[in-house]
Student: 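Provided herewith is a single structure, encoded as structure tokens, for subsequent inquiry.
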Amino acid sequence: MAPHTPPPSDGTPALVDFSVDLTAQEVQRQAQVLAALGPDWDPMEVMRGEEAAYDLLYSGLDEEQQRLYDDLVAVGVLPPRGGGHAAA
């Protein structure tokens, strides 16, 4: 922190340098999250499960739903999946 400087003579309060290093707290938070997930947590399996869930979510769309899905992909709201269409 910078040395204390007296307030300006016009009566306005002086600015105070304030900084906090959160590195130690972030390391502790990350360790606690990993401990809570446990040793059996497999991030790749989680990703595969999410992909399977999205495939299921966008499967079996009727014509109108497919059109809406394609429009949302075209404007960038949803990422393209597979060949540009929802799973059949």
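None of the values given here were measured: they were computed from a predicted structure. Here, residue 1 is the first one in the sequence, and each next residue gets the next number.
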Student: Same cluster for V77 and Y69 if Ile/Leu/Val/Met/Phe/Trp/Tyr side chains link at under 4.5 Å?
Tutor: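 Looking at the clustering, Y69 is in the same group as V77.
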Student: Salt bridge (charged side-chain N to carboxylate O under 4.0 Å, His left out), that's the test. Do R48 and E45 meet it? Break it down for me.
Tutor: CA-CA 5 Å; R48 284 188 291 273; E45 182 61 31; 3.1 Å; yes
Student: How far does CG of D42 sit from CG of L37, to the nearest 0.5 angstrom?
Tutor: 11.5 Å
Student: Hydrophobic cluster membership, with links at side-chain heavy-atom distances under 4.5 Å among I/L/V/M/F/W/Y: are L72 and L57 in one?
Tutor: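 Per the 4.5 Å side-chain linkage, L72 and L57 are co-clustered.
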Student: Should V75 and L68 be counted in the same cluster of Ile, Leu, Val, Met, Phe, Trp and Tyr side chains packed under 4.5 Å apart?
Tutor: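 Yes; tracing contacts between hydrophobic side chains, which count when under 4.5 Å, links both residues.
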Student: For D21 and T23, work out which heavy atoms get closest and say how close.
Tutor: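 Distance-wise, the nearest heavy atoms are OD1-OG1, 2.5 Å.
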Student: Can you name the salt bridge (Lys or Arg N to Asp or Glu O under 4.0 Å) partners of E50, sequence neighbours left out?
Tutor: none
Student: Please check this pair: side chain of Q65 against backbone of D62, looking for a donor-acceptor N/O pair closer than 3.5 Å.
Tutor: yes
Student: To the closest 0.5 Å, what do you measure between CG (L22) and CZ (R29)?
Tutor: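 Atom-to-atom, L22:CG and R29:CZ are 11.0 Å apart.
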Student: Name all residues meeting the side-chain hydrogen bond (donor to acceptor under 3.5 Å, both in side chains) criterion together with R67; count only those two or more places apart in sequence or in a different chain, and write none if there are none.
Tutor: E64, D71
Student: Which residues satisfy the salt bridge (Lys or Arg N to Asp or Glu O under 4.0 Å) test with E63, sequence neighbours excluded?
Tutor: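 Salt bridge (Lys or Arg N to Asp or Glu O under 4.0 Å) check on E63 returns nothing, list empty.
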